[in-house]
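Structure, as structure tokens:
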Amino acid sequence: MKEKYIKKFVEKQDELKKLVYLQNTFLVEEIKLVAGVDLAYWVKDKKEYGTCSIVVIDYNTKEIVEQVDYFDEITVPYISGFLAFRELPLILKTVKKLKTKPDIYMFDGNGYLHYRHMGIATHASFYLNKPTIGIAKSYLKIENVDFIMPENLKGAHTDIVINNDVYGRCLRTRENVKPIFVSCGNWIDLDTATELTLHFIEKDSRLPITTRYADLATHQSRKRVLGDK
DNA sequence: GCGACAG
DNA sequence: ATCTTGTCGC
């Protein structure tokens with residue numbers, strides 16, 4: 001069932017991962033707009049649907065500059081390690097509705113912290129042509145390597161290193177909350193990705209407001225879609 | 001058959 | 001991701 005997709009998916013990821021560049025291609029001081037991207041799903045009449053929300057936030061004022069939603073049928077199944085193939089088509093259609101042009105995109109999921117260094121944040125960067133960051137709420141275990149729990153202090157973090165390769169970072173964004181997993185998407189370094197993530201942490205969530213607001217927006221969007229039918 | 005498994 | 005309310009604790 002899922003197997004029919006996997007060979008082509010791996011080939012595509014292997015092709016793209018050669019182009020990943022884990023250095024900043026921008027100056028942090030020049031960042032103005034940061035986008036959070038997320039999806040929500042539902043099933044209706046045996047068909048699966050998804051709605052994507054993108055929330056664009058001003059880096060300095062932290063106010064929402066723009067928000068767009070787009071929903072459609074989802075045809076690709078969820079397969080761990082291949083999230084981009086399922087979600088990216090909808091994401092790209094949603095991006096087309098944006099009037100502003102975000103400088104950076106933050107995703108719900110991993111980037112370089114991935115079996116082949118090609119999590120959704122990294123994969124998406126090649127279609128957005130913008131730096132990206134992956135923010136995952138749970139740990140994707142690779143080569144049986146566990147993460148090291150950081151201290152219970154805001155900003156505490158431990159790196160996830162496998163075979164001398166830094167895949168990503170386990171980051172405690174606030175005290176007394178479960179840590180999140182930050183990884184480079186593309187065209188950014190891990191320290192900067194961590195810095196931006198912490199910049200958008202506020203009192204109401206362990207997630208940066210970019211992805212947090214996008215998450216809330218998908219739930220609202222789904223409610224509207226189902227309510228209008 | 002059993003456990004793993006980003007969202 | 002989704003199915004789902006109140007409740008314990010900082």
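Reminder, nothing fancy here: chain letters follow the sequence lines and each chain counts from 1. These numbers come from the heavy atoms of this one structure, side chains and all, not from hydrogens, waters or symmetry mates.
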Requested in this report: With C1' as the reference atom in both, quote the distance from C:dG6 to B:dG1 in angstrom, rounded to an integer.
Outcome: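 That atom pair is separated by 38 Å.
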
Query raised in the report: Mind checking the C1' distance from C:dT2 to B:dC5? Whole angstroms is fine.
Result: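 It comes out at 15 Å once rounded to the nearest Å.
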
Between atom [atom1] in [X] and atom [atom2] in [N], what is the gap in whole Å?
X: A:Phe71; N: C:dA1; atom1: CZ; atom2: C1'; result: 18 Å
X: A:Lys44; N: C:dT2; atom1: NZ; atom2: C1'; result: 16 Å
X: A:Phe85; N: C:dA1; atom1: CZ; atom2: P; result: 21 Å

Query - A:Tyr59 and its side chain to side chain contact (heavy atoms under 4.5 Å, CB included) partner, picked from A:Leu33, A:Val65, A:Val34 - result: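 Of the listed residues A:Leu33, A:Val65, A:Val34, the side chain to side chain contact (heavy atoms under 4.5 Å, CB included) partner of A:Tyr59 is A:Val34.
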
**Report entry** Flag for A:Tyr112-A:Asp165: side-chain donor and acceptor within less than 3.5 Å
**Finding:**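 Yes - a donor-acceptor pair under 3.5 Å links their side chains.
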
Report task. Compute whether any side-chain donor of one residue and acceptor of the other, for A:Arg222 and A:Thr51, lie under 3.5 angstrom apart. Result ->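 Looking only at side-chain atoms, A:Thr51 and A:Arg222 do not form any donor-acceptor pair under 3.5 Å.
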
Report task. Assign A:Arg222 to base, sugar-phosphate, or nothing according to its heavy-atom contacts below 4.0 angstrom with the strands shown. Result ->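 Answer is sugar-phosphate: A:Arg222 comes under 4.0 Å of backbone atoms only.
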
Requested in this report: Give A:His219 one of three labels, base, sugar-phosphate or nothing, depending on what nucleic acid heavy atoms sit under 4.0 Å from its own.
Outcome: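 Here A:His219 touches the backbone only, sparing every base.
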
Query - First encountered from the 5' end of DNA chain C, between A:Glu175 and A:Asp215 - result: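 Counting from the 5' end, the first nearest nucleotide belongs to A:Asp215.
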
Report task. Would you confirm whether the ring centroid of A:Phe82 sits within less than 6.0 angstrom of the ring centroid of A:Tyr5? Result ->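 Here the rings of A:Phe82 and A:Tyr5 have centres that are no less than 6.0 Å from each other.
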
Requested in this report: Sugar-phosphate atoms are those with a prime plus P, OP1 and OP2; base atoms are the rest. Using that split, label each nucleotide of nucleotides 2-7 of chain B B, S or - for protein heavy atoms under 4.0 Å, 5' to 3'.
Outcome: ---SBB

Query raised in the report: side chain to side chain donor-acceptor pair (under 3.5 Å) with A:Gln13: which of A:Arg116, A:Lys8, A:His117?
Result: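 Only one of A:Arg116, A:Lys8, A:His117 forms a side chain to side chain donor-acceptor pair (under 3.5 Å) with A:Gln13, namely A:Arg116.
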
Query raised in the report: Cation-pi between A:Arg86 and A:Tyr41: NZ/CZ under 6.0 Å from ring centre and within 45° of the ring axis?
Result: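 Yes, A:Arg86 lies over the aromatic ring of A:Tyr41.
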
